[in-house]
Amino acid sequence: MRTRKAQDPPDVLVVGGGIIGLVTAWRAAQRGLATAVADPSPGGGAAHVAAGMLAAVTELQYGEQTLLDLNLASAARYPDFVAELTEATGLDTGYRTCGTLAVALDADDRARLRELHAFQTSLGLESTWLSGRECRRLEPLLAPGVRGGLRVDGDHQVDPRRLAAALLRAAQLAGVTFLRAAVARMVCRGDRVTGARLTDGTEVSAERTVLAAGSESGRIEGLPPDVLPPVRPVKGQVLRLRVPAARAPFLSRTVRAVVRGSDVYLVPRENGELVLGATSEEFGWDTTVTAGGVYELLRDAHELVPGITELPLTETLAGLRPGSPDNAPLLGPTALPGLVAATGHHRNGVLLTPVTGDVLADVLDNGELPDYARPFTPVRFDRTHQAHQAHQAHQAPEVREEQPA
Ligand code: GLY
């Protein structure tokens, strides 16, 4: 076997050093692949803003059962995943098995939550209906008007900043190379992607290039339009407050509600940080924290937990979720040889980090998407693929008629 030299091109170039890029690089390096990550400040990105809810059940949406399966698979991997990260790095990720309480503030919310509960139950998910009084017994600082709620003991949290720091360290320890520059454009030769040119002028060649650039993935230069992932930025404004020791425990689990049609959630960390999120705005690339965004988050959170306004406000930030047309990630080989996607995680980037690492490791190691990840192939958005699917669906009844009875 030929010995690798430091200047040899990597087997895998990961474009983007957010948590998805880092987990991909870490897992690829563990499989023995020479791996490089291109990012001016790895460990940043949307995870720096995110609250870190692992909310497969409370964030369940109608029509997204396929995504639910992937979310649940990733949630189930979390305990081993964070234990492995801590073992490898000595760093804590702030994983907390505290559960979630989703509450209703008026009769309409109550009806909506009742329906969600029936849907969850029909899918075999663990979720318990509580009266308003039972909700307040669990969380005494809830508003007196709370009309009922869902207790979901399996929806936990992790601290995404600590998770990113641990992943960065794990990747470094596993031998991943970090190229501290942004990608200016992808490089294509013939019919394949052969690497990327960085903003410092260097060109990095690699056998496989993974596009893990979060919301930027949809506007990366150098790719043919039909291969560019249909990923768009979805802005989320998030506030951080501090619970003084004298007021602790303020909340013992994540508490959330839908107020006037908008999601509001409060995620209490063990270290006294309380994360309040999040807006969901489709305003392109803007990451301004607005007076309106802060006002609405505080107003809605105050309706839920009135004591919130007495806490020190320590941080206001906005990040961009990488939204995709069906709210599900794009994972695996694209239609362009040499280019692999790990993007479009939308509201579930933190939750889907463990399973994304495992899927991408399999793809990079043996070229195949594991069966459970096939619904998330990036090719599902290709026009030729969609036409083929439509044709198959049209043909199906005739094929069935030819089957023996
Ligand atoms: N998953 C929470 C959010 O995207 O706001």
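Order of appearance sets the numbers: ligands from 1, and atoms from 1 within every ligand. Keep in mind that what you see is a predicted model, and the values were worked out from it rather than measured.
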key: Side chain to side chain, Arg162 and Asn271, heavy atoms closer than 4.5 Å   = yes
message = So Asp155 and Leu54, do their side chains get closer than 4.5 Å, heavy atoms only?
response = no
ask   = Aromatic rings Tyr78 and Tyr95: how do their planes relate, parallel, tilted or perpendicular, breaks at 30° and 60°?
value = parallel
request  = Applying salt bridge (charged side-chain N to carboxylate O under 4.0 Å, His left out) between Glu273 and each of Arg96, Arg240, Arg242, report the one that passes.
outcome  = Arg240
ask   = Leu274 and side chain to side chain contact (heavy atoms under 4.5 Å, CB included): which partner among Leu239, Val267, Ile308, Val305?
value = Ile308
note = In chain-and-number order, ligand 1 lies under 4.0 Å from a heavy atom of each of Met53, Glu59, Tyr265, Ala278, Arg321, Arg347
ask   = Between Gln237 and Thr290, do the side chains contain an N or O donor and an N or O acceptor separated by less than 3.5 Å?
value = yes
